Each structure stands twice: as C-alpha cells, then as structure tokens.
Peer 1: 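Quick one: the structure is below, and I'll ask about it shortly.
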2 protein chains.
Amino acid sequence: MPRNRAAPERPALTVDVVIFRLADERLETLLVRRGFPPFKGRWAIPGGFVHKNESLDAAARRELKEETGLEGIYLEQLYTFGDPKRDPRGRVVTVAYFALIPGTAAARAGDDAAEVGWYPLIKLPEIAFDHKNILQYALRRLRYKLEYSAIGFQLLPSEFTLAELQAAYEIILGEPLDKRNFRRRILEADVIEATGDYRSGTVGPRAALYRYRPDAVAEVKARRLFP
Amino acid sequence: MPRNRAAPERPALTVDVVIFRLADERLETLLVRRGFPPFKGRWAIPGGFVHKNESLDAAARRELKEETGLEGIYLEQLYTFGDPKRDPRGRVVTVAYFALIPGTAAARAGDDAAEVGWYPLIKLPEIAFDHKNILQYALRRLRYKLEYSAIGFQLLPSEFTLAELQAAYEIILGEPLDKRNFRRRILEADVIEATGDYRSGTVGPRAALYRYRPDAVAEVKARRLFP
DNA sequence: ACAAAAGTGTTCGATATACACCCATGT
DNA sequence: ACATGGGTGTATATCGAACACTTTTGT
C-alpha cells in the first residue's frame, strides 16, 4: 500500500486479451490492425482501457465480448507489462489476459468495424508495441497449463470426440501423442464424460462424444497430465 | 492496445511486495502498520506508487530496498489486483510481487521509520485492505515454485548445509521430507554445488557447505522436484 | 562415554512408455 | 471389397517412496 508519496504517476491502464482458437489444424490468435500511428498498419492484441468501477477481469471479459461476441469463455490473467517505453505516446500499463474460445464459435468482427484477423502463431504478421512478447508469453503459459491442468477442451465445441481432443493437444504441444496413453490419461483425470451420443456421418466406426464435466476440478495438481 | 476510448480511467498504480524470510523455524513476512485511516492500526504489505519512467520491476525493487536495505534479491511478479472497491479511498490497482530474502540478512526498518514487523504466516495480525488475499496467493505460489523449481536456497545465506536447506523446505511445505530422498533429488537437480568447506563448531560430524550454482537453470521443467 | 547430527543404498510399488490389431461403418 | 478411423491391453523401464545404520565430533 502507498506510503511513499514521492513522484507518483497515474499511468493509463489497459487490458489486452490474447484470444486463442484452433482452426485449420493450427493455433490462431485474433489481432487488430492499427489504423493510426504509432505502429500504423501493424497488428496488435485486442484490448482497451479499464473503465471506472470495473474490475480487471470484467474489463477483459468486456473486451473479449466486444471483439468476438462471446461470453462464458475461459479467461485468465497472464502478466502485467509496464515498461515505461512500451508505448511511445506515453505511459500505458497493460494487464494481459488470455482466452480460449471454441474453434467453431463464429467470432464476429469487432463492433467498431476495425480490421481484425486470425493469424496462426507460427506465422505472425508485423506486430505492434511489445505485443510479440506478450504473445510469446501467452503461448508458453498455454502449453504449460495444457500439460498440468485439463483445459484443452476449452478450445473445442461443447461436445467432442477423443480424437478431436487429442488433435488439439498435439497442435498446441507441437508433438504427436500416443492414442492409447492419451485416452487413458484424459479419462483417468476425470474431467470429461461420455454424453452417450456418437458422431455420425463419417466413414468408419462412430466416435463417442464427450463433454466437459463442470463439476470437475479444473486444476490437476497431483500429477502432470502429459509428462 | 486502446481502441475503445469510452470512459477510460487513470487509476493510481502501486506495487506491493510480499517479502518472505525464514526465522525461528517459521516462514515470516514483513508487514507495515498503518498510521492513518482507512484500516488505521492494521497491517499492510509494504508497497508504494510506481514512479514516472520506472518499470514495474524497478518499482518493486525500489520498495524492497527501501524496506529492507537489500539488493540483488529474488523477486517475481505475482498477480495484479484491481477490484474497484479494494481501497475505500478510490481506485488503486496494485501489481503484487513476492521476494525471498536470506533469513540472516539484517533487514533494517524502513527509511521512513514507520512501524514494521515480521509476522509468521501461520499467525498473522489484523490485515488491511485485500492484503490477506494477496498473502495467501503469494504463499500458494511460493509452495508451488518450491516444488517445481529450485528456489529454496534464496531463503538461506549464500552458503548452507543440506540439512539447513531441507529444514527450509520442510517449513514452507509444512511436511517432513525423507533425508536421503531429499539429498538425492536436490543434488540431481544440479542447482547447488559443494564449496569444499565444512561447517564447524557444532556437535557431531562437520556438515559440508553448498552454494547455489549461478549458471544453473532456475526452472526445473522436466520433473517435479518434490512430488 | 555419550549425545547429536552427517552421510550413505536398496527394495518395492507405482507410474510412464512403447507398441499392433480388430472391427464397424460409409463409399 | 476396401479404405477409414475408433477402440482396446500388456510388457518393460523408469521413477518415487519407504526404510536404518555407521561414523564423526563436541561436551
């Protein structure tokens, strides 16, 4: 708490939300093209000022909804970036968040009709500010969380097959996983359950559909899921 | 980055530094007694405003030095707390850090002669603001980091015996550890090395002294150190 | 001599890893 | 009929957990 009153400052405070989705068998993130300097024409993580009487989480949720139209999305505070020089216009401290949206969710363009686009993380366009750092940080955290907790299904629709879930993990972790070991572990972790339905319309046997168990504990502390 | 310019706000921005040390076989934290309302007489985590042209990390280091006189200390950003009602005087967003200082480091009272004291985490006094939350969060993070990375020696002087290190881990994790397993794991982790000297003046065999290997990688990602 | 504390290996159980075939279904 | 892909079990290696005695030194 403030006791030293020397040279305080009231920096602008923003939230930036790194929004991940799976599409075309890649991990993608939503970026906004800047129409004005600085960094005109380059791409930035969507974000905005924190409003009066608004918590940081609420600000992040609002931004996420403005950009994608989605609510009830997995969202987590990532890190706060406050280098004095990170915005050439003046001091702006940003609290970064990351969000995982289901790949099928039709994320509409932002209300303000700015130019927005999804970009794969392996092939990013020219990035504004220190946002490349933030994206790298978010990716590290996502991979880490995927190994230690069971949040992969946040990137899938509400019902999914085990093959789809495994594919999501493989895309993000960037390595193939053994099918039998994957299924055993994910089921033993007790975070998903079979719906009883099957995916039809495909060649071959019908795959059982699973859903997230909302009553499950999100954090799997005792053991690494995918060591 | 800011694109939505509706109702922005410039909250006061502070850093709070949860400072941990080991003393009297307990984990203690430094607290400052508030001399004025709100929460007059209650105890708060040391902190203060972020200055102009000062990064968040620099602000945290400055606060840490002001309170303890120490430099070159382990310091890590924890989380940012921004509930609009967390300070009754107005909007104050705080970036919380945590620091680990060697138990022997004579942490002098703060420059401003405020009333400060070390308190064991198991028996905290009346806490101001939302600082109890922050302390709990910091303790969780400390325990977690201790299990997955090798930072326990940050709470010990530069040279220490394995018995001392084990005692530190036991205090923080709150459970006894097997001596032989502890020694094997901590040595296999390759973060400490024998100095070649021995601790004398004690009853019984002389214990070998160890030091931190500064070239070692801090994060032990591959495996839990103490599962 | 005795008390205190340092140092040292092995066994056993649990967990992780590697690996291949059968069968249902749609075309 | 055949191509596609879902579903299933086991053997081996690695890792974690539990456990006791000997030796050194100061008093």
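Worth knowing before you read on, the calculation uses all heavy atoms, side chains too, and leaves out hydrogens, waters and symmetry mates. Naming: A, B, ... by sequence-line order, numbering from 1 per chain. Given the structure is predicted, the values throughout are model-derived calculations rather than measurements.
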Peer 1: Kindly assign one of parallel, tilted or perpendicular to the pair B/Phe160 and B/Phe153, based on the angle between their ring planes and the thresholds 30° and 60°.
Peer 2: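 Plane angle under 30°, so parallel.
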Peer 1: Atom CZ of B/Phe182 to atom P of C/dT8: distance rounded to whole Å?
Peer 2: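 Taking atom P of C/dT8 as the reference, CZ of B/Phe182 is at 15 Å.
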Peer 1: Go through the structure and list residues passing salt bridge (charged side-chain N to carboxylate O under 4.0 Å, His left out) with B/Arg211, not counting sequence neighbours.
Peer 2: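 Counting only residues at least two positions away or on another chain, B/Arg211 forms a salt bridge (charged side-chain N to carboxylate O under 4.0 Å, His left out) with B/Glu193.
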Peer 1: Check whether any side-chain heavy atom of B/Arg21 sits under 4.5 Å from a side-chain heavy atom of B/Thr68, and report yes or no.
Peer 2: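 Sidechains of B/Thr68 and B/Arg21: no contact.
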Peer 1: Atom CD of A/Gln166 and atom P of D/dG7: how far apart are they, to the nearest Å?
Peer 2: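 Distance check: A/Gln166 CD to D/dG7 P gives 12 Å.
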Peer 1: Given atom CG of B/Leu177 and atom P of D/dC19, what is their separation to the nearest angstrom?
Peer 2: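 Roughly 15 Å, once rounded to whole Å.
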Peer 1: Does A/Asp178 or A/Pro205 map to a spot on DNA chain C nearer the 5' end, using the closest nucleotide for each?
Peer 2: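 The residue mapped nearer the 5' terminus is A/Asp178.
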Peer 1: Of all of residues 193-204 of chain A, which get a heavy atom below 4.0 angstrom from DNA chain C, listed by number?
Peer 2: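 Hits under 4.0 Å, by residue number: A/Thr202, A/Val203, A/Gly204.
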Peer 1: Where each residue is assigned the nucleotide of DNA chain D containing its nearest heavy atom, which of A/Leu209 and B/Arg184 is assigned the position nearer the 5′ end?
Peer 2: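 This one resolves to A/Leu209.
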Peer 1: Quick check: B/Tyr148 with A/Tyr148 (ring centres under 6.0 Å apart)?
Peer 2: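 Ring centroids of A/Tyr148 and B/Tyr148 are less than 6.0 Å from each other.
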Peer 1: Between B/His131 (side chain only) and B/Ile45 (backbone N and O only), is there a donor and an acceptor less than 3.5 Å apart?
Peer 2: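 Such a contact is found between B/His131 side chain and B/Ile45 backbone.
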Peer 1: Of the options D/dA17, D/dA20, D/dG7, whose atoms approach the side-chain atoms of B/Arg185 most closely?
Peer 2: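 Closest nucleotide among those given: D/dA17.
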Peer 1: Check the distance between D/dG9's P and A/Glu188's CD and give it to me in whole angstrom.
Peer 2: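 Distance check: A/Glu188 CD to D/dG9 P gives 13 Å.
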Peer 1: What's the NZ-P distance between B/Lys179 and C/dA4, to the nearest Å?
Peer 2: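 Answer to the nearest Å: 14 Å.
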Peer 1: If you assign each of B/Thr161 and A/Arg206 to its closest nucleotide in DNA chain C, which residue comes earlier from the 5' end?
Peer 2: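 That would be B/Thr161.
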Peer 1: May I ask you to verify if any side-chain N or O of A/Arg180 is less than 4.0 angstrom from the OP1 or OP2 atom of C/dC19?
Peer 2: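 A/Arg180 to C/dC19 OP1/OP2: no side-chain N or O under 4.0 Å.
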Peer 1: Counting any heavy atom closer than 4.0 Å, what does A/Arg183 reach on the DNA or RNA strands: base, sugar-phosphate only, or nothing?
Peer 2: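 Base, at least one base atom sits under 4.0 Å.
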Peer 1: Any N or O donor-acceptor pair under 3.5 Å from the base of C/dA18 to the side chain of A/Asn181?
Peer 2: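 Between C/dA18 and A/Asn181, which were checked side chain against base, a qualifying N/O pair under 3.5 Å is present.
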Peer 1: What is the separation between atom CD1 on A/Ile186 and atom P on C/dA16, rounded to the nearest whole Å?
Peer 2: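 These atoms are roughly 13 Å apart.
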Peer 1: For A/Leu187 and D/dG9, give me the distance from atom CG to atom C1', rounded to whole Å.
Peer 2: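 Nearest whole value for this atom pair: 15 Å.
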Peer 1: Evaluate the salt bridge (charged side-chain N to carboxylate O under 4.0 Å, His left out) criterion for residues B/Arg143 and B/Glu147: first the C-alpha distance (whole Å), next the side-chain angles of each, then the deciding distance (0.1 Å), finally the verdict.
Peer 2: CA-CA 6 Å; B/Arg143 285 193 172 136; B/Glu147 287 173 5; over 6 Å; no
Peer 1: So, for A/Glu67 and A/Val116, which heavy atoms are closest and what is the spacing to 0.1 Å?
Peer 2: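 Scanning both residues, the minimum pair turns out to be OE1-CG1, 4.0 Å.
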